[in-house]
Amino acid sequence: MGKAALIAVAAFAVISTMYTGNTKKGLLKASERVANHQYDTLARSAAVNGFNLAKQALAESFAASRLEGKFDRAAYNVSISVSGDLATVVSTGTIPNASSDESAYRIRAEFRRRAEAPTMADSAPDFMSYAVLTEDDLSISGNAGAASSYADASMDANFHTNGKLTVDGKGTKRIAGQGTYVDGIKGKHADTKFDPVGGGKATASGSIIDLPDFRIDEYLELAQPGYSAESTTLTGTYAPGGTRDKPFVYHVDGDLTVGDLTVDGYVMFLVEGDITFTGNARVGSSGYGESDESSIAFYSADEITMNGNTEVWGQLYSAGDFTIGGTADVYGSITSGGKLSLKGDPTFHYREASAALTTIWNGNPGGYRIRMISFFER
């Protein structure tokens, strides 16, 4: 082989070595880029997780704070700064990458808090359009009866249960409405106890009426500052005011016991525990005469009990069971998310529920709304 050929072979070998080395380096760089892209994705996921936690924190309390933690091997660090009604959130996700460096991803957003006035619906929700409605079984014994509203004697005081309807007591009183049920009916007096004012069948199988969950924590912003108490007893004259357009809301963080009580204006009691009407309690509005609707609402996140010779004017809701005994008189309507038991000698005088007192279910409850006004990520 000539000298020139040897030089060519040597040059080719050097070029081949260089090409192989560059190829390996290229492959390593490509693998590194792929790996770093995966780390960038993990960093972004951590930043998004921190951002979502910040939104939740602002919904619970519009205040400055810091959050940090880990999500899928990457760390997130979040700062929330607040100035007046403007909050700025910066969420950064980081993770060591394949370049012996750090992949980082940053999200920045601004939120504006705006106060909104409560807006009532045109009418009460369907589940409050009955004299009595229960999610679970409805049991009627003794001499229970129901009449229609004073304002409209032709109005049927209908009873409905999404469970089973049981009528054990005949007595002398009738229920001036229809009894409807979903899970069957029993009791030999079932058809003679009900007597609809508008005519038609006394009892009939009906469809399920949906009752929304009573998540009382979502409604506490309605309560007036300074009118919140732990377990308490109310008697005498309660005069916080409250108009139909702006009812007064009283929050009880515990049980409420009600004795002789006169209430002025439209008032809603939001109670986290039980409500008990005792003894010879007389509960009503000082201006409650021939009104078409209730002006007082008692809403319990647990159970409601009426005993003795009580007289209650208002619309009542219990997330749990509802029990009535003695010679109670109710002027309004009752809804129970549990079982309802009528025994003794109670009488219902059905009045329509007021839409002004059902905003927590089917209107705009007002309070503060938080809206994102800017968003940036990289």
Side-chain angles (χ1 to χ4, degrees), residues 59-60 62 113-135 149 151 209-229 234 238-253 256 258 261 263-273 275 283-288 291-302 304 312-320 322 330-337 350-371:
E60 294 173 355
F62 201 78
R113 184 178 67 167
R114 183 178 62 185
E116 293 185 355
T119 305
M120 76 177 72
D122 293 332
S123 60
D126 289 343
F127 72 90
M128 296 195 81
S129 63
Y130 292 79
V132 173
L133 185 142
T134 70
E135 176 67 25
S149 160
I209 306 297
D210 290 329
L211 272 72
D213 292 335
F214 185 38
R215 297 183 294 272
I216 195 168
D217 56 302
E218 296 183 6
Y219 311 135
L220 294 186
E221 64 184 19
L222 293 172
Q224 270 70 16
Y227 285 88
S228 183
L234 290 179
Y238 186 74
T243 63
R244 192 176 190 276
D245 293 334
K246 191 176 182 180
F248 200 90
V249 180
Y250 190 102
H251 168 229
V252 179
D253 185 13
L256 173 63
V258 184
L261 179 67
V263 178
D264 286 343
Y266 279 76
V267 179
M268 181 193 307
F269 294 92
L270 292 178
V271 182
E272 301 204 38
I275 299 176
V283 184
S285 168
S286 60
Y288 207 161
S291 172
D292 288 340
E293 64 178 19
S294 298
S295 59
I296 309 172
F298 290 94
Y299 298 149
S300 167
D302 209 332
I304 295 181
V312 179
W313 299 64
Q315 57 201 62
L316 300 101
Y317 172 97
S318 67
F322 201 121
V330 178
Y331 296 80
S333 60
I334 289 176
T335 305
S336 171
Y350 173 47
R351 295 207 171 184
E352 291 183 309
S354 170
L357 301 171
T358 63
T359 301
I360 60 176
W361 281 295
N362 68 335
N364 169 22
Y368 288 102
R369 295 292 179 269
I370 300 173
R371 184 170 63 91

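Below, each value reflects all heavy atoms present in this structure, side chains not excepted, and no hydrogens, waters or symmetry copies.
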*Going from CD1 on Ile275 to CD1 on Ile304, what distance comes out if it is rounded to the nearest 0.5 angstrom?*
4.5 Å
*Taking every non-hydrogen atom, the tightest pair across Ala355 and Ser123*: CB-C, 3.5 Å
*What residues form a side-chain hydrogen bond (donor to acceptor under 3.5 Å, both in side chains) with Tyr299, not counting sequence neighbours?*
Gln315
_Reported CG-to-CZ distance for the pair Leu133 and Phe127, which is rounded to 0.5 angstrom_ = 8.5 Å
*Does Tyr130 have any ring-ring contact (aromatic ring centres under 6.0 Å, His included) partners at least two apart in sequence or in another chain, and if so, which?*
His160
*Side chains of Phe269 and Ile296: does their closest heavy-atom pair fall under 4.5 Å?*
yes
*How would you list, by chain and number, every residue that makes a salt bridge (Lys or Arg N to Asp or Glu O under 4.0 Å) with Asp210, sequence neighbours excluded?*
none
*Nearest heavy-atom pair of Tyr266 and Arg244: which atoms, and what distance?*
CD1-N, 3.6 Å
*Check whether any side-chain heavy atom of Phe322 sits under 4.5 Å from a side-chain heavy atom of Leu316, and report yes or no.*
yes
*Would you say Leu234 and Val252 make side-chain contact, with heavy atoms under 4.5 Å?*
no
*Of all heavy-atom pairs between Pro247 and Ala356, which one has the smallest distance, and what is that distance?*
CG-O, 3.3 Å
*Checking Ser300 side chain against Gly273 main chain: does a donor-acceptor pair fall under 3.5 Å?*
yes
*Ser336 side chain to Gly320 backbone, donor-acceptor under 3.5 Å*: yes
*Using side-chain hydrogen bond (donor to acceptor under 3.5 Å, both in side chains) as the criterion, list what pairs up with Thr358, not counting sequence neighbours.*
Asn362
*side-chain hydrogen bond (donor to acceptor under 3.5 Å, both in side chains) with Ser354: which residues, sequence neighbours excluded?*
Glu293
_Partners passing side-chain hydrogen bond (donor to acceptor under 3.5 Å, both in side chains) against Asp302 (at least two apart in sequence or in another chain)_ = none
*If every non-hydrogen atom of Ile209 is compared with every non-hydrogen atom of Glu135, which pair is closest and at what distance?*
O-OE1, 4.3 Å
*For the atom pair CG (Asp126) and CG (Leu211), what is the distance rounded to the nearest 0.5 Å?*
10.5 Å
*Below 4.5 Å, heavy atoms only, C-beta onward: do Ile360 and Phe214 meet side chain to side chain?*
yes
*Can you check whether Tyr350 reaches Ser333 side chain to side chain, under 4.5 Å on heavy atoms?*
yes
